Amino acid sequence: RTLRDRIAEIADGTYPAEMTIEGFDAPLMLRGSVTVCGKSIDIDYAGTDGAVRNGINVPFCFTNGYSIHAVKCVSATPIPNNGGVTRAINVTAPEGSILNATPPCAVAARHSVGWFLPTLIFRALAPALPESVQADSGMINMVNFRGTHRNGRPITTLHFASGGLGASAEYDGEPTLSTPSSNAAIPVEVWEAATSITMTRKALRPGSGGVGTARGGLGQEVFMRNDTGHDLVVDVMGVRTDYPAEGMHGGGPGAAREIHVNGRKVSQKGRFVLAPGDTLERYEAGGGGFGEPDARPTEKVIEDKRLGLV
């Protein structure tokens, strides 16, 4: 009932949005519309591209969950999650689309597409809730490593590194914040002991947050060296590489994500091999800014420069 009361405060109407994101063979188009009617919301992803042969298709349960999450973020954040929240929001997506994949479509890397849904919904609702939405975020970069530890033990592990959070009406985006999923990063020392992959640099990425009245959150620089003594197979599923996090209401975009090997830029999706001694350099994406840059308070501009954030 509380969520329905919050929804009732949004002006009735249909609010459309679309966005282009990275695919494997070609860019992908996500389309959606959010229809507010009284105390309920309908989200429809008609017009979204169809499923693809790569494993980035999204099962409907994932689509449904992240869509409900986005509405709750802009209308009823303090309310604890409960079954009643889901009954006020109806989500549909065409069967066979990339947001409603059916067997035998591969879905292992569904996050590469599904994690964009909150952004799509924020963009749709921006005219109705201009002070409640946030700019695009740099999101999470997930890299898979497979090989042999220098002690001879096989290793298969994932490493997560977050980009910057999109700014909002009242706040700068937080740096390197995991969103929309709450993935954790393990301590460097634990990572190195478990994998024999040495972390040579982990630092904020200056200038990566989008400009605005509120600045986008900074991404980070994560450099690793293959010290296993063996070849290391690396699978990357980068997002925000071709389409950086956009700003909101006049804010600027964040810096795009880049992946390099030994100082040379490589494909942001796919598989490659790190030989012993090779380095993997990841430049994680920044969040978008919110509001016109000229309206940023002078004292914040000075402080950003003092801290080396811009």
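Here the structure is a predicted model, which is why all the values come from computation and not from measurement. Atoms considered below: every heavy atom in the structure, side chains included; atoms not considered: hydrogens, waters and symmetry mates.
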What heavy-atom pair brings V74 and F122 nearest, and what distance separates the two atoms? CG1-CE2, 3.4 Å

Nearest heavy-atom contact between S181 and Y66 is CB-OH, 3.5 Å

Can the ring centres of F60 and Y45 be said to be less than 6.0 Å apart? no

Counting distance only, does the side-chain N/O of [X] pair as donor-acceptor with the main-chain N or O of [Y] below 3.5 Å?
X: R296; Y: P293; answer: no
X: E22; Y: D242; answer: yes
X: R31; Y: A46; answer: no
X: T195; Y: I197; answer: yes
X: R215; Y: V301; answer: no

Please check if V58 and M29 belong to a single hydrophobic cluster, counting links between Ile, Leu, Val, Met, Phe, Trp and Tyr side chain heavy atoms closer than 4.5 Å. no

Please test D44 against S33 for side-chain hydrogen bond (donor to acceptor under 3.5 Å, both in side chains), starting from the C-alpha separation and ending with a verdict. CA-CA 5 Å; D44 182 12; S33 62; 4.8 Å; no

Between the side chains of D278 and N262, is a donor N or O closer than 3.5 angstrom to an acceptor N or O? yes

Identify which one of V36, L3, I68, T35 satisfies the side chain to side chain contact (heavy atoms under 4.5 Å, CB included) criterion when paired with I41. V36

NZ/NE/NH1/NH2 to OD/OE distance under 4.0 Å, [X] and [Y]:
X: E303; Y: R306; result: yes
X: R201; Y: E281; result: no
X: D227; Y: R150; result: no

Side-chain donor-acceptor contacts of residues 161-168 below 3.5 Å, not counting sequence neighbours, with atom names and distances?
{"from": "S162", "atom 1": "OG", "to": "S178", "atom 2": "N", "distance (Å)": "3.3"}
{"from": "S168", "atom 1": "OG", "to": "Y171", "atom 2": "N", "distance (Å)": "3.4"}

Inspect the surroundings of CZ in R53 and state if more than 12 heavy atoms from other residues, nucleotides or ligands are less than 6.0 Å away. no

Test log, rule ring-ring contact (aromatic ring centres under 6.0 Å, His included), inputs F223 and Y283: CA-CA 9 Å; F223 296 0; Y283 298 87; 5.5 Å; yes

